[in-house]
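To start, the structure itself, in structure tokens.
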Amino acid sequence: MAFSSTKRIGVRLVMRQWRHSGQRFIRWVLPVGSVLLVAFMTRMNSLPKQPNIIVFLVDDMGWQDTSVPFWTEATAFNKRYHTPNMERLAREGMKFTNAYANPVCTPTRVSLLTGMNATRHRVTNWTSPNRNTNTDYPDSSLSPVNWNLNGLSPVADVEHTVYATPLPAILSDNGYYTIHCGKAHFGSAGTPGSNPTNLGFRVNIAGSEIGHPASYLGTDNYDRPVNGKPSRNAVPGLDLYHGTDTFLTEALTKEALKALEAPLKQQQPFFLYMAHYAVHTPIMADKRFVDKYHQMGLDGTEANYASLVEGMDKSLGDILQFLDDHKLTDNTIILFMSDNGGLSTTPLRGGQAHTHNLPLRAGKGSVYEGGIREPMLVRWPGVVKAGSTASQYVLIDDFFPTILQIASVKSPKLIQPVDGRSFLPILRKSTWSDPSRMLVWHHPNRWIAQEGPALAWASACRQGDWKLVYQHKTGQLELYNLKNDIGEQHNVAAQEPQQLKRLTTLFTNELQKMGAQMPTFTHNGQAVRWPSEVLSRQLSSGR
């Protein structure tokens with residue numbers, strides 16, 4: 001549109017006024033604006049370019065050991081436990097109802113740090129504090145495999161170890177201040193993997209080759225000497241709290257928060273691996289919380305266990321409060337997870353054996369759901385939708401690629417292949433789904449004296465709603481539909497022969513591709529057959 005003469009005159013008047021007053025305005029505002037701009041840019045540069053990352057890993061915590069229901073309904077166990085800070089995390093983040101780890105602890109921890117499936121890295125049982133010591137319990141029918149009983153090593157050619165590039169080393173090389181706090185249990189004493197600082201952690205608090213504490217009590221110095229000598233499971237590095245009434249869970253939390261001060265001062269993103277010894281045995285009372293559970297009528301062991309759970313939750317709350325107080329909440333992702341299913345063998349637990357994870361079947365050590373399905377929560381403001389729930393199944397192997405993607409680490413130099421898949425798409429959209437993916441568990445070991453439902457010598461896989469369990473001793477193949485039968489009470493192998501054959505073939509291919517080791521029968525020295533071989537023989541014999 002053409003300007004009229006009146007409008008052109010108006011424009012000239014405005015320009016004259018600008019030449020007089022505008023010059024004075026520029027002389028005043030430009031220096032101020034420059035100062036503001038510089039201050040703004042300085043502030044932007046001082047913020048971490050990558051989010052802070054916290055992995056909050058609990059030891060032996062079952063799917064039901066919380067007041068947060070991970071099923072379609074709250075259960076009696078959910079009503080037993082008091083975990084308000086897990087509830088907060090669920091409200092402010094995403095709940096994963098189908099999250100999995102391995103049946104026992106060290107395999108899970110090695111998978112988390114390497115991204116490898118336990119079948120491939122061959123740390124398929126818990127590692128002994130003593131080097132070159134097999135922790136397999138003697139069995140009259142099967143002999144154990146030649147597994148990597150010394151755990152993870154960042155150094156090549158260490159006997160009975162898996163050589164891999166650890167997650168904290170990669171994060172450290174990419175600008176993160178890396179802190180380990182609590183239980184390590186990555187490798188046996190005398191091997192490089194026993195010390196978290198060899199794996200890329202800049203700070204190590206109380207982590208070593210031990211798998212559980214001798215005592216949770218500061219008054220015991222977190223030790224229970226035997227014949228005047230420190231226990232092999234004495235917790236190291238917490239001398240400050242010796243002789244005090246500080247429960248182990250609280251001492252670790254205090255030290256972790258102290259350690260976070262350094263990256264804050266240096267304006268550096270941090271990776272905190274907060275790996276509690278709780279709720280592993282010995283099941284000891286946290287006096288801050290135990291009374292309420294006695295009043296509920298729980299027996300001594302179960303009251304003590306519930307207090308361990310609440311003490312762990314208090315630690316989570318203290319960390320959340322620290323993030324709030326330091327205005328770090330919006331730039332920190334928290335991933336809450338357990339390393340295996342809840343302990344459910346007696347007399348270590350009170351009540352009836354194999355019932356502590358109901359409606360899930362069995363518990364720690366088993367490839368049934370009670371031994372591998374875990375409580376998992378993720379909070380990441382601005383990315384994860386508050387109060388959301390994800391039903392897509394994920395595995396502990398997935399933490400490795402997910403964390404690297406979150407940290408914007410592209411094409412890291414790795415020694416090992418990565419079996420895990422990033423669940424970042426799920427964090428961005430809770431309904432994301434891939435029912436074609438297959439998860440694999442392989443436990444060719446016997447980790448404990450007690451016998452029970454698939455507590456030893458078993459493998460399993462899941463694809464979609466279908467789960468296949470393979471019992472090594474008997475050669476039995478069991479098929480379950482988890483959507484209809486979360487408790488794995490109805491073996492439908494006979495009713496679903498095509499599904500059984502399809503899944504068995506895929507499962508066998510995965511096991512062989514990852515180099516699965518099979519135990520051998522003691523009476524003839526022959527290896528346990530592959531699942532597909534077992535099925536083929538059954539079909540040919542008409543069974």
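The residues of the chain are indexed from 1 along the displayed sequence.
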Only counting residues at least two apart or in another chain, list the ones meeting ring pair (Phe, Tyr, Trp, His ring centres under 6.0 Å) with [X].
X: Phe400; result: none
X: Trp441; result: Tyr100
X: Phe201; result: His180, Tyr273

What distance separates [X] [atom1] from [Y] [atom2], expressed to the nearest 0.5 Å?
X: Arg202; Y: Thr178; atom1: CZ; atom2: OG1; answer: 8.0 Å
X: Asn304; Y: Leu298; atom1: CG; atom2: CG; answer: 10.0 Å
X: Ser430; Y: Lys95; atom1: OG; atom2: NZ; answer: 12.0 Å
X: Asn117; Y: Thr124; atom1: CG; atom2: OG1; answer: 11.0 Å
X: Asn204; Y: Cys181; atom1: CG; atom2: SG; answer: 8.5 Å
X: Thr108; Y: Asn340; atom1: OG1; atom2: CG; answer: 6.0 Å

Contacts under 3.5 angstrom, residues 167-176 side chains, donor-acceptor by atom type, not counting sequence neighbours:
| residue | atom | partner | partner atom | Å |
| --- | --- | --- | --- | --- |
| Asn174 | ND2 | Ile170 | O | 2.8 |
| Tyr176 | OH | Pro51 | O | 2.6 |

Gln352 vs His354, side-chain contact (heavy atoms from CB on, under 4.5 Å): CA-CA, chis, key distance, verdict: CA-CA 7 Å; Gln352 184 179 348; His354 316 307; over 6 Å; no
Could you tell me if the ring centre of Phe289 sits under 6.0 Å from that of His82? no
For the residue pair Tyr222 and Tyr277, is the inter-centroid distance of their aromatic rings smaller than 6.0 Å? no
Is [X] salt-bridged to [Y], going by a charged N under 4.0 Å from an acidic O?
X: Asp59; Y: Arg109; value: yes
X: Lys467; Y: Glu478; value: no
X: Asp398; Y: Arg437; value: yes
X: Lys314; Y: Glu250; value: no
X: Asp434; Y: Arg421; value: yes
X: Lys292; Y: Glu310; value: yes

Over all atoms of both residues, closest heavy-atom pair of [X] and [Y]:
X: Glu209; Y: His185; result: O-CD2, 3.3 Å
X: Glu302; Y: Asp299; result: N-OD1, 2.8 Å
X: Asn357; Y: Gly62; result: OD1-CA, 3.6 Å
X: Ser344; Y: His356; result: OG-ND1, 2.8 Å
X: Thr127; Y: Thr106; result: N-OG1, 3.2 Å
X: Gly350; Y: Thr301; result: N-CG2, 3.6 Å

Please set out all donor-acceptor pairs under 3.5 angstrom arising from side-chain atoms of residues 251-258, sequence neighbours excluded.
| residue | atom | partner | partner atom | Å |
| --- | --- | --- | --- | --- |
| Thr253 | OG1 | Thr249 | O | 2.8 |
| Thr253 | OG1 | Ser315 | OG | 2.7 |
| Glu255 | OE2 | Tyr241 | OH | 2.6 |
| Glu255 | OE2 | Lys258 | NZ | 2.9 |

Indicate yes or no: at least one non-hydrogen side-chain atom of [X] is less than 4.5 angstrom from one of [Y].
X: Thr114; Y: Val162; result: no
X: Ile334; Y: Leu320; result: yes
X: Val110; Y: Met116; result: no
X: Val469; Y: Glu369; result: no
X: Gln463; Y: Leu503; result: yes
X: Ser338; Y: Pro375; result: yes

Angle between ring planes, Tyr81 versus Tyr305, binned at 30° and 60°: parallel, tilted or perpendicular? perpendicular
Could you check whether [Y] and [X], counting side-chain N and O atoms only, form a donor-acceptor pair closer than 3.5 Å?
X: Thr97; Y: Ser391; answer: no
X: Asp324; Y: Thr329; answer: yes
X: Gln295; Y: Asp291; answer: no
X: Thr281; Y: His212; answer: no
X: Gln450; Y: Thr345; answer: no
X: Asp220; Y: Ser215; answer: yes
X: Gln392; Y: Asn98; answer: no

Hey, mind stepping through Gln64 and Thr75 against side-chain contact (heavy atoms from CB on, under 4.5 Å) and telling me if it holds? CA-CA 8 Å; Gln64 290 279 47; Thr75 66; 3.0 Å; yes
Using side chain to side chain contact (heavy atoms under 4.5 Å, CB included) as the criterion, list what pairs up with Ala118, not counting sequence neighbours. Asn102, Pro107, Ser111, His121
Flag yes if more than 12 heavy atoms outside [X] fall under 6.0 Å of its [atom1] atom; otherwise flag no.
X: Asp245; atom1: CG; answer: no
X: Gln266; atom1: CD; answer: yes
X: Lys287; atom1: NZ; answer: no

Under the 6.0 Å and 45° cation-pi test, does Arg361 pair with Tyr368? yes
Yes or no on side-chain contact (heavy atoms from CB on, under 4.5 Å) for Arg88 and Leu316, after CA distance, side-chain angles and deciding distance? CA-CA 10 Å; Arg88 175 187 171 185; Leu316 176 62; over 6 Å; no
Applying ring pair (Phe, Tyr, Trp, His ring centres under 6.0 Å), run through Tyr393 and Phe96 and close with a yes or a no. CA-CA 8 Å; Tyr393 46 86; Phe96 283 73; over 10 Å; no
Is there a side-chain contact (heavy atoms from CB on, under 4.5 Å) between Thr219 and Thr244? Walk through the geometry before answering. CA-CA 5 Å; Thr219 50; Thr244 72; over 6 Å; no
